[in-house]
2 protein chains.
Amino acid sequence: MSTPAQERAPKRVSLSRERVLRCAVELADESGLAALTIRSLAQSMGTKAMSLYHYVANKEEILDGIVDLVFSEIGLPSAEGDWLGEMRRRAHDVRSALQRHPWAVGLLESRTSPGPATLHHHEATLATLRAAGFSVQMTAHAYALLDSYIYGFALQEAALPFKGRDTAAEVTAPIVQLFSTGQYPHMVEIATEHVLKPGYDFGDEFDFGLDLILDGLGRLLETP
Amino acid sequence: MSTPAQERAPKRVSLSRERVLRCAVELADESGLAALTIRSLAQSMGTKAMSLYHYVANKEEILDGIVDLVFSEIGLPSAEGDWLGEMRRRAHDVRSALQRHPWAVGLLESRTSPGPATLHHHEATLATLRAAGFSVQMTAHAYALLDSYIYGFALQEAALPFKGRDTAAEVTAPIVQLFSTGQYPHMVEIATEHVLKPGYDFGDEFDFGLDLILDGLGRLLETP
DNA sequence: AATCTTTTTCGTACAGCGTACGAAAAAGTT
DNA sequence: AACTTTTTCGTACGCTGTACGAAAAAGATT
């Protein structure tokens, strides 16, 4: 080690738009979206701020780019497979991608120009629903419903002060203590009888809603 | 008019935490979250930046505060009413609040300390579900599902480049032109046969998903 | 009315942000 | 070796949140 281990060695790598975006994702994953500044990104790539502007027009383009990069990680559903399985798998894939990159959820709200990976993803999903027999209208309804649920779940998950199995207790217990016998009896009830139970993971709630939705959609497909 | 009509008259008003937050909401509504800076907020109140810090500790507290203010606009569901009607009304209320204040959706992801109005809202919703006969576990499932859907829908709505009835065409038509006979046939299909139809409003999709979800929950309540 | 105390305002300053501009350096071509 | 193109980046500007301490205003007490 030449540098006295103050930070991750900024290994100098030949630049490119692709690499800028990949490093941006990495940096956001490690340190959060707020830490993703042009200067810090440049430093993590072993270069200087203004050098990046040869590959991206501005920061907006970086944000658009990393959102599309997240979508590119998600496998495309197949119109040939059974739609229920494909939609369930897709839902899980999208959720886990948004779990790996929690900052992406907050970015979705402000990105209005989808990238190519995003467009391909939408196209493949629509194709699968249409092939399943849904009408054009029904496909629009179903897609809006599914994505609303997935994004909303990811949004709530990103806002949680804890993450994963058995990690809620540390945060929740003192709050419950504070509220007990107070003005929030039902929140305390949910906390003590559900959240604080061993093995609790908010992520487990995902399948409940997903199955209910897919069930409802399946019902509508059968009885037109 | 003394000042030559350059901006909205910054009517000097006696300060208070309450008023700071209210003005912050107003400013974010009018000019977007990015325009909500300490300096611009101060100017809109006819005072100077540092004066605000006597009422709020920092900007984070302002963001927490305005999110809670949005929740305070939403009527509380009643545990006495029929749960289905109450939950439907609540869903619509939350959605329209997030439509009035689109910036709030993006803020939800980063706020981990809910304010009093938010807590009261959660408490009342949980109470209604429990009173309807849902078990503790089922209430947790139902709440996560409903809020995921509502937030996710609001998120997608906020990301749309158009808003309201018959406004999609202007934005969508040129894109369809660009893509037609191209690699996105199903997106074009949805656009031409659904989105571009007169009277289209993405907001109308909300009820489809909401009814499907409430239907599914009702079914689970009856057959335990 | 004068003095003292507390509350409220805000001028100045600083580090960090995105990025415009143009020069310097490097790489590629002839 | 000379010229051209591509790539790097030093400097500077206006913006951000906010630390610090002084100034001003308001209230209290004598």
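Treat the numbers as computed from the prediction; the structure is a model and nothing was measured. The sequence lines fix the lettering, A, B, ..., with proteins before strands; numbering per chain opens at 1.
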Is [X] close enough to [N] that one of its side-chain N or O atoms is under 4.0 Å from OP1 or OP2 there?
X: B:Y55; N: C:dT9; answer: yes
X: B:S51; N: C:dT8; answer: no
X: A:T47; N: D:dT8; answer: no

Roughly, in whole Å, what's the span from [atom1] in [X] to [atom2] in [N]?
X: B:Y53; N: D:dA19; atom1: OH; atom2: P; value: 7 Å
X: B:L52; N: D:dT18; atom1: CG; atom2: P; value: 11 Å
X: B:R19; N: C:dT9; atom1: CZ; atom2: C1'; value: 16 Å
X: B:H54; N: D:dA23; atom1: NE2; atom2: C1'; value: 14 Å
X: A:L41; N: C:dC17; atom1: CG; atom2: C1'; value: 14 Å
X: B:Q43; N: C:dC10; atom1: CD; atom2: P; value: 13 Å
X: B:E60; N: D:dG17; atom1: CD; atom2: P; value: 12 Å
X: A:E61; N: C:dT19; atom1: CD; atom2: P; value: 10 Å

Checklist entry - What's the verdict on side-chain contact (heavy atoms from CB on, under 4.5 Å) for B:V20 and B:R17, showing C-alpha distance, side-chain angles and the deciding distance? => result CA-CA 5 Å; B:V20 168; B:R17 184 188 149 89; 5.7 Å; no
Item to check | Chi angles and distances behind the side-chain contact (heavy atoms from CB on, under 4.5 Å) call for A:L145, B:F206 | outcome: CA-CA 8 Å; A:L145 167 53; B:F206 186 67; over 6 Å; no
With ring centroids as reference points, do [X] and [Y] lie under 6.0 angstrom apart?
X: A:H122; Y: A:Y143; value: yes
X: B:F208; Y: B:F153; value: no
X: A:F71; Y: A:H120; value: no

Checklist entry - Can A:D204 and A:R165 be counted as an ion pair, charged N to O under 4.0 angstrom? => result yes
Item to check | Check ion pair B:K197-B:D166 (N to O, under 4.0 angstrom) | outcome: no
Checklist entry - If you pin A:A49 and B:A49 to their nearest nucleotides in DNA chain D, which one's is more 5'? => result A:A49
Checklist entry - How does protein reach along nucleotides 10-16 of chain D, written 5' to 3' as B (base within reach of a heavy atom under 4.0 Å), S (only sugar-phosphate), or - (no contact)? => result BB----B
